[in-house]
Every structure is written in C-alpha cells, then in structure tokens.
Amino acid sequence: MSKIETPRPVRGTQDIFGADAEAFAFVVETFERVRKLYRFRRIEMPVFEKTEVFARSLGETTDVVAKEMYSFLDRGDESLTLRPEFTAGIARAFITDGWQQLAPLKVATHGPLFRYERPQKGRYRQFHQLDAEVIGAGEPQADVELLAMADQLLKELGVSDGVTLQLNTLGDGDSRDAWRAALVEHFAGVRGVLSEDSQERLEKNPLRILDSKDARDKVHVGTAPMIDQFLSSEAQDFFGAVTSGLDAAGVAWTRNQALVRGLDYYRHTAFEFVTDRLGAQGTVLGGGRYDGLIESLGGAPTPAVGWAAGIERLAMLVGDRPEALLDAVVVVEDDASLARAIAVTQKLRLAGWKAELFASGAPRKRFDKAKKVASHTLVTFPATEHGVTMRVMGDGGGTHTAIENAVLFDK
RNA sequence: GCGAUCGUAGCUCAGUUGGUUAGAGCGCCGGUUUGUGGUACCGGAGGUCGCGGGUUCAAGACCCGUCGAUCGCCCCA
C-alpha cells in the first residue's frame, strides 16, 4: 500500500479551536449585541461577486485590486472574485436590490474575506471582519453614531485600554485633489532622497508617503503640506461637526493629519482605532466616508460611511476565553445504567442546563475523565446494598442544589 | 514580490564543541485504584529528527538546495 499524503491546509487559512475559537465567538456575539443597540440591521451578503464590483470601486491601481484578489473564471467564463472587503458588495446590493427606498439605511454583517497576501501576525488570506455601514446619510451625525458604536463595541469587548481613535478628514473631492497635487509637488522636489518605496508611491499613491516608516521619508513628511490648508469651508464645517459630535457622545479621539486610507473611494472622515499591542498590525478597526462609491458603481449619488474591524485582531486583544463551565457531567461506569444516564442527561438539557455524558472508553477510566471536566455537578450511578442508585456530587452552589432536586426528587 | 528566524512523537518542547540504542511532560492504549471532584499508581504503543543532496570514520546538530511555518517590509482589518 502506498503512503497517503495528507493535503496541507492552504497558506493563510486557519483552523480555530478552543480558547481562540471562544474569543472569536465572543467578539462576534458582542458585535451582534451592540449593533442592535444602534439599530443597525443585519444583512447577509454573498462571499463572491463579479470582479468588476471590486475592480471598479476600490481603484484599479490599489494593491488589493492589482495583486491581492482571489479571482477565477466560472464555467460560464465569467470573472468572479472572492470578496476582499464588504463595502463594495453592499454598495452593489444597495443599487441592485432597490435599498434606496430604505435610505438612510444602517446595516451590519460579518464573515470571511479573502486577500492574497503574505500571512503574518494578525493577517491571513482568509480573514474575518465585522462590518457596519450607514448608506444614504450625508450628515456628520451618521459619522458620529457609527464611531460611537465602534467605541462602545471596543469598550464592551474590554479592549479599549491602549486603543486610540485616530481621526482625520480627507476633505471633499476638490480638497482631496488639491492636496494630492500639492503633495506630489512637495515630494517630487526631494524625490532623489526618498526611500525606494516612496518613490514608487509618488506615482501610485502619494498620500501613502505620509505614513511611511522609513526615516528618510519622515524628514520630508514633517514639512509636507497638510490637508487643512486645502479644505473648503464646507469640508471644514463637516469635520467640525463630526468632532464636536464625538465630544458630545464622550468618544475620545486624536487628530492624525497623516492618516489616509488605502482605497480610492474615501472622502471626508477617515479613522482608525489603533493599538501598539499587535506588532506590525496596529489597526483594529478602520473606515471612513465614501460618498462617491455608489455613483461609481452606476447608482444615484449617495453619501455613505462605514467601518470594518478584524475579528482575529480583536480576538487577540480579548485574549484567552475559558470554555463555558458545564452545569452537569453525567458518567456511566456500568453500561447497565446507560439508559438511565441518557434519560437524565437529556432531561437536564431540556431544562436548559449544559450537560455532557461520559459513557465511552474504558469503564474504569470514565470517572477520572469526567472529573477533569469543569462542571457544577457530577452525576454518577454507584452500586450500593440497595442496588444501583444515582448520586449527585457538586460544588454546593445554587446550580448544584437545583440539579440535585431536579434529578433525584423530580422537582 | 523581498528579508530574518525556525522545522525533533498526536501536542508543547529538551537533546552540550558532531560521538553508542534520540528523551520529558501532556494526550492515547492496557492494568491497578470505586473515588463527595479539579496532579492517584504501574506499564505500553508511537519518531527514516520536514524533504533532497553534500562534508565527515561518524550528522538531529555543519554546508547547499527545496518545501513549510513564524515574524517583519510592501499593503492592509
């Protein structure tokens, strides 16, 4: 017989189990609870879309589109792509499903996303995000509410210590274009002394030079023109309304004039919740306003704001979460008691208690195995001079008493 | 795409300047223990040391290649 080669997992995918899986679930459950407090309505979205949905909305020259998409031809020779982010698909649905009539619409979802990247700490090829969007709302109040929800989420996850909200504005389209031109002029003047990466960025994405980590660039970032010089008065008013709204809501923030977003569709508000506890991947939640996106997909001009948060990154900040303490462990050491044990276990579960039955493997080992499981009570069927009886051991607490009454006295 | 570090049992790891038959804990299997609990006891199975080549009397250890993982750059959640 030839040896069977076990297929290896795909690079950048993860099999999540135990404490990690509990932390992951805690993040999702907390998000589901908090989004309801703000009446963000749950949506379910397809995991793949026609490639143009992403190619057109993210910007052809962005890394995500240029080299990170999982695209393939289906049997009808149509180019499809596993979603690298949520926003573009939601914008498409807003147009194709007639959600305009529901505007302003607050929606939330979560699930897997796919990017062909080199995996490292807090970064995977299949990763998972929480996502929240407000579509059809042009007022700064929408930005404020969205950020307030993000802030509350992080607090309820218990990870807000050491996480700061960095806030910037990219202005409206005209402001952004003027700023961009000024930046190109500024950096082109010192082109020769910039890092190789930044010389490239000068062509592709000059805004990105602002948050370069290279010392050669940082010197010239300090003297670069800032967005504030180019903001129209409307854009200034808008940003002012966002910041004063955040202050009113009690959401702490700091201005980061170098904060830009990687994707083309962002306008006005841009923000990131950042931590220094995750190595190179400091951004835990990021987003901003994308007023031009829906129009670029062929819809009516529609203002919108949104954010996404990495579930894995949040789960790492949350840390280990213990698996739930059981209410009862039922152990059968003599198979003659098996039917009785099944009945008792099922009765406990139907009554809403978390219970596990140990009735397999070597009978003599079962008790020790069952003992090791964290539980309020342990139910056994020892043989006595009165025949086989049922015994409930426990921690003496309320659950113990209640289970004892239910199981022994049928109360 | 680029760089650094690391690959020893199912898992976490030890293994000295290269030197007999490669170890531990946990887990698994068998036996003892019939226990009002969160490490009881004894025994056993399980490894072509990631893979391929090279150096050497001798390689888990050194060299080259390759695959994989981790962390970083780019980019991003």
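Since this is a predicted model, take the numbers as computed values, not measurements. In what follows, every chain begins at residue 1, and chains take the letters A, B, ... in the order their sequences are listed.
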Peer 1: With C1' as the reference atom in both, quote the distance from U21(B) to G60(B) in angstrom, rounded to an integer.
Peer 2: 15 Å
Peer 1: Could you tell me how far G46(B) sits from G1(B) if I compare only their C1' atoms? Round to whole Å.
Peer 2: 42 Å
Peer 1: Can you check the distance between C63(B) and U17(B), where both ends of the measurement are the P atom (answer in whole Å)?
Peer 2: 14 Å
Peer 1: By the 4.0 Å heavy-atom rule, please label Thr275(A) as base, sugar-phosphate, or nothing.
Peer 2: nothing
Peer 1: Any donor-acceptor pair under 3.5 Å linking the side-chain atoms of Thr302(A) with those of Gln100(A)?
Peer 2: no
Peer 1: Report yes or no: do Ser244(A) and Asp247(A) form a side-chain donor-acceptor pair below 3.5 Å?
Peer 2: no
Peer 1: What does Lys372(A) touch in the nucleic acid at a heavy-atom separation under 4.0 angstrom: a base, only the sugar-phosphate, or nothing?
Peer 2: sugar-phosphate
Peer 1: Quick one: Gln126(A) CD to A77(B) P, roughly how many Å, whole number?
Peer 2: 17 Å
Peer 1: Looking for any heavy atom pair under 4.0 Å, which part of the strands does Ala370(A) touch: base, sugar-phosphate only, or nothing?
Peer 2: nothing
Peer 1: In whole Å, what separates the C1' atom of G65(B) from that of G7(B)?
Peer 2: 16 Å
Peer 1: Between Ala308(A) and Asp214(A), which has a closest nucleotide on RNA chain B that is more 5'?
Peer 2: Asp214(A)
Peer 1: Check this for me: Glu185(A), atom CD, are more than 12 non-hydrogen atoms of other residues, nucleotides or ligands nearer than 6.0 Å?
Peer 2: no
Peer 1: Using a 4.0 Å heavy-atom cut-off, write out nucleotides 65-72 of chain B from 5' to 3' as B (base contacted by protein), S (sugar-phosphate only) or - (no contact).
Peer 2: ---SS-SB
Peer 1: Starting at CG of Asp368(A) and ending at C1' of G30(B), how long is that distance when rounded to a whole Å?
Peer 2: 15 Å
Peer 1: When the P atoms of U16(B) and C42(B) are compared, how many Å lie between them, rounded to an integer?
Peer 2: 29 Å
Peer 1: Answer with yes or no whether the side chains of His268(A) and Arg176(A) bring together a donor and an acceptor at under 3.5 Å.
Peer 2: no
Peer 1: Would the base of G35(B) count as contacting Glu333(A) through its side chain, where contact means a donor and an acceptor less than 3.5 Å apart?
Peer 2: yes
Peer 1: Could you check whether the side chain of Arg208(A) and the base of C76(B) have a donor-acceptor pair of N or O atoms closer than 3.5 Å, going by distance alone?
Peer 2: no
Peer 1: Looking for any heavy atom pair under 4.0 Å, which part of the strands does His400(A) touch: base, sugar-phosphate only, or nothing?
Peer 2: nothing
Peer 1: Atom CE of Met69(A) and atom C1' of C76(B): how far apart are they, to the nearest Å?
Peer 2: 15 Å
Peer 1: I'd like to know if Asp177(A) and Arg180(A) make a salt bridge, using a cut-off of under 4.0 Å between side-chain N and carboxylate O.
Peer 2: no
Peer 1: Take the protein atom CZ of Arg83(A) and the nucleotide atom P of A77(B), then report the distance between them rounded to whole Å.
Peer 2: 15 Å
Peer 1: Let's see if you can work this out: which of G27(B), A40(B), A77(B) has an atom nearest to the side-chain heavy atoms of Glu117(A)?
Peer 2: A77(B)
Peer 1: On the 0 to 90° scale, with breaks at 30° and 60°, tag the Phe48(A)-Phe72(A) ring pair as parallel, tilted or perpendicular.
Peer 2: tilted
Peer 1: Would you say Lys369(A) places a side-chain N or O within less than 4.0 Å of OP1 or OP2 belonging to G37(B)?
Peer 2: no
Peer 1: Is Arg33(A) atom CZ crowded by more than 12 heavy atoms from other residues, nucleotides or ligands, each under 6.0 Å away?
Peer 2: yes
Peer 1: Is the NZ or CZ atom of Arg125(A) both under 6.0 Å from the centre of the six-membered ring of Tyr116(A) and within 45° of that ring's axis?
Peer 2: yes
Peer 1: Starting at CZ of Phe367(A) and ending at C1' of G37(B), how long is that distance when rounded to a whole Å?
Peer 2: 6 Å
Peer 1: When you check the phosphate oxygens OP1 and OP2 of C75(B), does a side-chain N or O of Arg201(A) lie under 4.0 Å from one of them?
Peer 2: yes
Peer 1: For the pair made of CG in Asp197(A) and P in G1(B), what is the distance, rounded to whole Å?
Peer 2: 16 Å
Peer 1: When we call it a touch if two heavy atoms are under 4.0 Å apart, what does Thr380(A) touch: a base, just sugar-phosphate, or nothing?
Peer 2: nothing
Peer 1: Write down the distance separating the C1' atoms in C49(B) and C13(B), rounded off to the nearest Å.
Peer 2: 13 Å
Peer 1: Which is true for Val392(A) with a 4.0 Å heavy-atom rule: it touches a base, it touches only sugar-phosphate, or it touches nothing?
Peer 2: nothing
Peer 1: With rounding to the closest Å, how many angstrom separate the P atoms on G18(B) and A58(B)?
Peer 2: 15 Å
Peer 1: Of the options A77(B), G35(B), G37(B), whose atoms approach the side-chain atoms of Arg115(A) most closely?
Peer 2: A77(B)
Peer 1: Send over the distance from Asp211(A) CG to A77(B) P, rounded to a whole Å.
Peer 2: 12 Å
Peer 1: Would you call Asp151(A) and Lys155(A) a salt bridge, using N to O less than 4.0 angstrom?
Peer 2: yes
Peer 1: Please report the distance separating the P of G47(B) from the corresponding atom of U8(B), rounded so that it comes out in whole Å.
Peer 2: 15 Å
Peer 1: Side chains of Gln126(A) and Tyr70(A): any donor to acceptor distance under 3.5 Å?
Peer 2: no
Peer 1: What stems show up for RNA chain B when you take Watson-Crick pairs (N1-N3 plus N6-O4 or O6-N4) and G-U wobbles (N1-O2, O6-N3), both under 3.5 Å, and require three or more consecutive pairs?
Peer 2: B:1-7 with B:67-73, B:10-13 with B:23-26, B:28-32 with B:40-44, B:50-54 with B:62-66
Peer 1: Is a side-chain donor-acceptor pair under 3.5 Å present for Glu272(A) with Thr283(A)?
Peer 2: yes
Peer 1: Could you give the CE-to-C1' distance, from Met393(A) to U36(B), as a whole number of Å?
Peer 2: 6 Å
Peer 1: So that I can tick it off, tell me whether Asp217(A) and Arg208(A) are bridged by a salt bridge, with the cut-off set at under 4.0 angstrom between side-chain N and carboxylate O.
Peer 2: no
Peer 1: Which of the following nucleotides, G37(B), U36(B), C74(B), is nearest to the side chain of Arg391(A)?
Peer 2: U36(B)
